[in-house]
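Written out below as structure tokens is the structure these notes cover.
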Amino acid sequence: MAKAQNREWVSLQCPDCGNRNYRKPRRTRGEYKLNISKYCPACRTHKVHKEKKK
Ligand SMILES: [Zn+2]
């Protein structure tokens, strides 16, 4: 079983309004996307969110 204790959470921040709309567990191993297109309710459209550490 994988250890869930080491899980790190990152926020996905909208570059335009600065809202942190999503959180997701950061993967410590392997590749992961730094920029993810997500819907921002403040901008009312999809924006490329960037990962931010809390
Ligand atoms: Zn936004």
Side-chain angles (χ1 to χ4, degrees):
M1 282 179 62
K3 290 181 181 176
Q5 304 289 336
N6 297 332
R7 188 167 293 174
E8 235 180 308
W9 289 87
V10 293
S11 300
L12 296 179
Q13 186 179 38
C14 175
D16 281 12
C17 64
N19 275 7
R20 296 184 178 182
N21 303 306
Y22 301 92
R23 269 187 299 168
K24 74 177 193 66
R26 179 185 155 191
R27 295 175 196 170
T28 56
R29 190 183 295 191
E31 76 284 359
Y32 59 92
K33 291 180 181 176
L34 284 171
N35 302 315
I36 303 173
S37 183
K38 286 280 197 177
Y39 178 78
C40 176
C43 299
R44 294 182 180 178
T45 184
H46 280 79
K47 292 287 182 181
V48 177
H49 286 61
K50 290 185 178 181
E51 286 191 358
K52 286 279 186 177
K53 275 191 176 181
K54 58 184 175 180

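Just so you know, ligand 1 is whichever comes first in the structure, and atom 1 is the first atom listed for that ligand. Numbering starts at 1 and runs along the sequence shown. Scope of the values below: all heavy atoms of this structure, side chains included, with no hydrogens, waters or symmetry mates.
- Ala42 and Asn19 make their closest contact through CB-ND2, 3.4 Å (heavy atoms, listed as atom of the first residue, atom of the second, distance).
- Put simply, the residue from His49, Lys38, Gln13, Lys47 that forms a side chain to side chain contact (heavy atoms under 4.5 Å, CB included) with Asn21 is His49.
- For the Zn ion (ligand 1), the set of protein N/O/S atoms nearer than 2.8 Å consists of Cys14 SG, Cys17 SG, Cys40 SG, Cys43 SG, ordered by chain and number.
- In the hydrophobic cluster analysis, where Ile, Leu, Val, Met, Phe, Trp and Tyr join through side-chain heavy atoms closer than 4.5 angstrom, Tyr39 is grouped together with Ile36.
- Separation of atoms CZ (Arg23) and CG (Leu12) is listed at 10.5 Å; rounding is to 0.5 Å.
- With rounding to the nearest 0.5 angstrom, the CD atom of Glu51 is 8.0 Å from the CG atom of Asn35.
- A distance of 10.0 Å separates SG in Cys14 from OH in Tyr22, rounded to the nearest 0.5 Å.
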